[in-house]
Amino acid sequence: MYLICMKGYYNMDLTSPRTIRNIQEQFGFTFKKGLGQNFLTARNILEEIVDAAEIESGVIEVGPGFGVLTSELAQNSDKVVTIEIDERLIDVLDYTLAEYDNVKIINEDILKLDLKKVIDDEFNGEKVSIAANLPYYITTPIITKLLEEKLPIKNIVVMVQKEVAERMSAKPSTKDYGAITVLCQYYTEPSIVANVPAKVDSAVLKLKVLDKPSVEVKDEGVFFRVVKAAFSQRRKTLLNCLSANFAIPKDEISTLLESIGIAPSRRGETLSLEEFANIADTLLQKIK
């Protein structure tokens, strides 16, 4: 369902809690727990997100809520396409964004939407920035989709739960380092732009999408199979995890790891992206 906001001639301060309450009452809107709705109104954080996105012409927003961030984006870009799953918010957004003629609203589920087609249709296939205040429960699936589909994206700037941001920007041999870390750091250069103290601590995370993956691999499918296997049981050694997930005898896995200078007793959380790539490329010879 596609809707275009009609241009209006009024202004409202969407960062004002009073304005948000008034809009909520006017439209009889109640928050849905299942959608993880948590609307952002802090102006300094909105500015941090807009600045970090480095918008050149166009931007896609995920989950606009009442349009607070959308409004800031519209003032700083040629075109905003904002994607909202909650049909109840479409009339609200039509109202709060009425003064902007450069905003297009798509009432769809981001996880089911053909984003490549949206970028082709709305931005002529040119690179765009992504900005969002993501519901915590769905942060990882959304970021995974954005990266794995290899879309023409320049930056992904999102406000997420602080612990999620720390996982995505973690270093090897730390408790936060895991499969999602490797995924993000394979495709992007992550950094935490700002911390947002609140009831649930949040952070603004920037993922600068790389022109090519950070490490070269012969087969991406095998690379990510190795990563998932290595973190499938964090307390188990690399030897046990790989042997179980690839159905290869332990002695063969042990020999393979030793041949590339990696101790079989190590755990996945200690491996760099380069070491994961080396294991995947060597293991490829065994499984093909």
Side-chain angles (χ1 to χ4, degrees), residues 111-112 134 136-151 153 156 158 160-192 203 205-288:
L111 294 178
K112 297 176 182 176
L134 293 180
Y136 298 146
Y137 80 101
I138 205 168
T139 296
T140 298
I142 289 177
I143 289 180
T144 299
K145 173 188 172 75
L146 293 174
L147 296 179
E148 288 186 342
E149 291 187 0
K150 299 181 181 178
L151 302 163
I153 295 172
I156 301 170
V158 290
V160 296
Q161 195 168 353
K162 186 179 179 182
E163 64 184 47
V164 174
E166 289 172 344
R167 281 205 299 272
M168 293 180 178
S169 57
K171 303 295 183 187
S173 298
T174 62
K175 65 179 179 64
D176 294 319
Y177 191 72
I180 188 62
T181 316
V182 176
L183 174 74
C184 287
Q185 296 182 18
Y186 178 78
Y187 289 115
T188 76
E189 181 183 311
S191 59
I192 294 177
L205 175 73
K206 177 176 181 177
L207 300 171
K208 181 179 179 181
V209 179
L210 302 171
D211 291 331
K212 62 179 183 178
S214 58
V215 292
E216 188 176 338
V217 296
K218 294 176 181 176
D219 187 311
E220 280 190 359
V222 174
F223 173 77
F224 285 113
R225 274 187 67 191
V226 168
V227 171
K228 288 175 183 176
F231 290 106
S232 59
Q233 297 184 71
R234 291 184 72 102
R235 293 186 179 183
K236 290 199 171 183
T237 65
L238 190 58
L239 172 63
N240 286 330
C241 289
L242 292 178
S243 177
N245 282 273
F246 283 90
I248 298 174
K250 286 186 180 180
D251 59 337
E252 292 184 28
I253 293 288
S254 182
T255 300
L256 180 149
L257 291 172
E258 288 170 351
S259 73
I260 54 177
I262 296 175
S265 59
R266 287 177 63 182
R267 289 180 169 80
E269 65 199 50
T270 70
L271 298 174
S272 66
L273 266 70
E274 290 77 7
E275 288 175 313
F276 275 118
N278 204 0
I279 292 170
D281 286 352
T282 308
L283 191 59
L284 187 62
Q285 303 166 20
K286 280 274 184 193
I287 61 178
K288 279 199 169 180

Q: Just how far is it from atom CD1 of Ile143 to atom CD1 of Ile138, taken to the nearest 0.5 Å?
A: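 With rounding to 0.5 Å, CD1 (Ile143) is 11.5 Å from CD1 (Ile138).
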
Q: Only one of Leu283, Asn278, Ile279, Thr237 passes side chain to side chain contact (heavy atoms under 4.5 Å, CB included) with Leu257; say which it is.
A: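 Only one option passes, and that is Ile279.
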
Q: Can you sort out the partners of Glu166 under salt bridge (charged side-chain N to carboxylate O under 4.0 Å, His left out), two or more places apart, ordered by chain and number?
A: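 Not a single residue meets the salt bridge (charged side-chain N to carboxylate O under 4.0 Å, His left out) criterion with Glu166.
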
Q: Could you measure the distance from the CZ atom of Arg225 to the CG atom of Asp219? Nearest 0.5 Å is fine.
A: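 Atom-to-atom, Arg225:CZ and Asp219:CG are 9.5 Å apart.
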
Q: Rounded at 0.5 Å granularity, tell me how far CG in Leu256 sits from CG in Leu242.
A: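 Going from CG on Leu256 over to CG on Leu242, the span is 8.5 Å.
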
Q: Within the structure provided, determine whether Leu210 and Glu189 are in side-chain contact (heavy-atom separation under 4.5 Å).
A: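 They are in contact (side-chain heavy atoms under 4.5 Å apart), so the answer is yes.
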
Q: Looking at side-chain heavy atoms only, is the closest gap between Leu134 and Ile142 below 4.5 Å?
A: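 Touching, per the 4.5 Å side-chain cut-off.
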
Q: Please report the closest heavy-atom contact between Ile180 and Thr140, naming both atoms and the distance.
A: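 In terms of heavy atoms, the two residues are closest at CD1-CG2, 3.7 Å.
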
Q: More than 12 foreign heavy atoms under 6.0 Å from NZ of Lys145: is that the case here?
A: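 Count over threshold, so yes.
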
Q: Using modelled atom types and a 3.5 Å cut-off, is there a donor and acceptor pairing between side-chain atoms of Ser243 and backbone atoms of Ile248?
A: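 Flag set: sc Ser243 to bb Ile248 pair under 3.5 Å.
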
Q: Examine the side chains of Asn240 and Lys250 and answer whether a donor and an acceptor come within less than 3.5 Å of each other.
A: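 Yes.
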
Q: Does this structure show an ion pair linking Arg266 with Glu275, if we count only N-O contacts that are shorter than 4.0 Å?
A: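 So Arg266 pairs with Glu275 through a salt bridge.
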
Q: Do Leu271 and Pro172 come close enough that some side-chain heavy atom pair is under 4.5 Å?
A: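 Not in contact.
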
Q: Please report the interatomic distance OG(Ser272) to CD(Gln185), rounded to the nearest 0.5 Å.
A: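 Ser272 OG to Gln185 CD: 10.5 Å, rounded to 0.5 Å.
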
Q: In Å and rounded to the nearest 0.5 Å, what is the OG to CD distance from Ser173 to Glu269?
A: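 It comes to 7.0 Å.
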
Q: What's the shortest heavy-atom distance between Val222 and Ala280, and which atoms?
A: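 Looks like CG1-O, 3.7 Å.
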
Q: Between the side chain of Asp176 and the main-chain N/O of Ala170, is any donor-acceptor distance below 3.5 Å?
A: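 Flag not set: sc Asp176 to bb Ala170 has no pair under 3.5 Å.
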
Q: Mark yes or no for whether Tyr177, through its side chain, and Val182, through its backbone, hold a donor-acceptor pair below 3.5 Å.
A: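 Absent.
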
Q: Check Leu205 against Pro190 and note the closest heavy-atom contact, atom names and distance.
A: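 Closest heavy-atom pair between Leu205 and Pro190: CD1-CB, 4.5 Å.
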
Q: For Glu274, check salt bridge (charged side-chain N to carboxylate O under 4.0 Å, His left out) against everything at least two apart and list the hits.
A: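 With neighbours one apart ignored, the set is empty.
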
Q: Contact between Met168 and Thr139 at the side-chain level, heavy atoms closer than 4.5 Å - yes or no?
A: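 The answer is yes, as the side chains (C-beta and beyond) meet within the 4.5 Å cut-off.
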
Q: Give me the atom names and distance for the closest heavy-atom approach of Cys241 to Ala230.
A: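 Looking at all heavy atoms of both residues, the closest pair is SG-O, 4.0 Å.
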
Q: Does the pair Tyr186 and Phe223 meet the rule for a ring-ring contact (aromatic ring centres under 6.0 Å, His included), with working shown?
A: CA-CA 10 Å; Tyr186 178 78; Phe223 173 77; 5.0 Å; yes

Q: Within the distance-only criterion (no hydrogens, no angle test), does the side chain of Thr255 pair as donor or acceptor with the backbone N or O of Asp251 below 3.5 angstrom?
A: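 Yes, the answer is positive, given that a donor and an acceptor are paired below the 3.5 Å cut-off.
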
Q: Parallel, tilted or perpendicular for Tyr187 and Phe224, by the 30°/60° rule?
A: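 Parallel, since the angle between the ring planes stays under 30°.
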
Q: Out of curiosity, Leu146 CG to Leu207 CG, how far, rounded to the nearest 0.5 Å?
A: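 So the CG of Leu146 and the CG of Leu207 are separated by 9.0 Å.
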
Q: Please name all residues satisfying salt bridge (charged side-chain N to carboxylate O under 4.0 Å, His left out) with Lys150, sequence neighbours left out, ordered by chain then number.
A: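 Counting only residues at least two positions away or on another chain, Lys150 forms a salt bridge (charged side-chain N to carboxylate O under 4.0 Å, His left out) with Glu220.
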
Q: Within the structure provided, determine whether Cys184 and Leu147 are in side-chain contact (heavy-atom separation under 4.5 Å).
A: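 Yes, at least one pair of side-chain atoms sits under 4.5 Å.
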
Q: Between Ser232 (side chain only) and Ala229 (backbone N and O only), is there a donor and an acceptor less than 3.5 Å apart?
A: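 Side chain of Ser232 to backbone of Ala229, a donor-acceptor pair under 3.5 Å: yes, one is there.
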
Q: What I'd like to find out is whether the side chain of Pro264 reaches to under 4.5 Å of the side chain of Glu258, using heavy atoms alone.
A: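 A side-chain contact exists here, since the closest heavy-atom pair is under 4.5 Å.
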
Q: Measure the shortest side-chain to side-chain distance between Thr181 and Lys171 over non-hydrogen atoms and say whether it is less than 4.5 angstrom.
A: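 A side-chain contact under 4.5 Å is absent here.
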
Q: Short question: side chain of Thr270, backbone of Arg267 - any donor-acceptor pair under 3.5 Å?
A: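 Yes; judged by distance alone, with no hydrogens or angles, the pair exists.
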
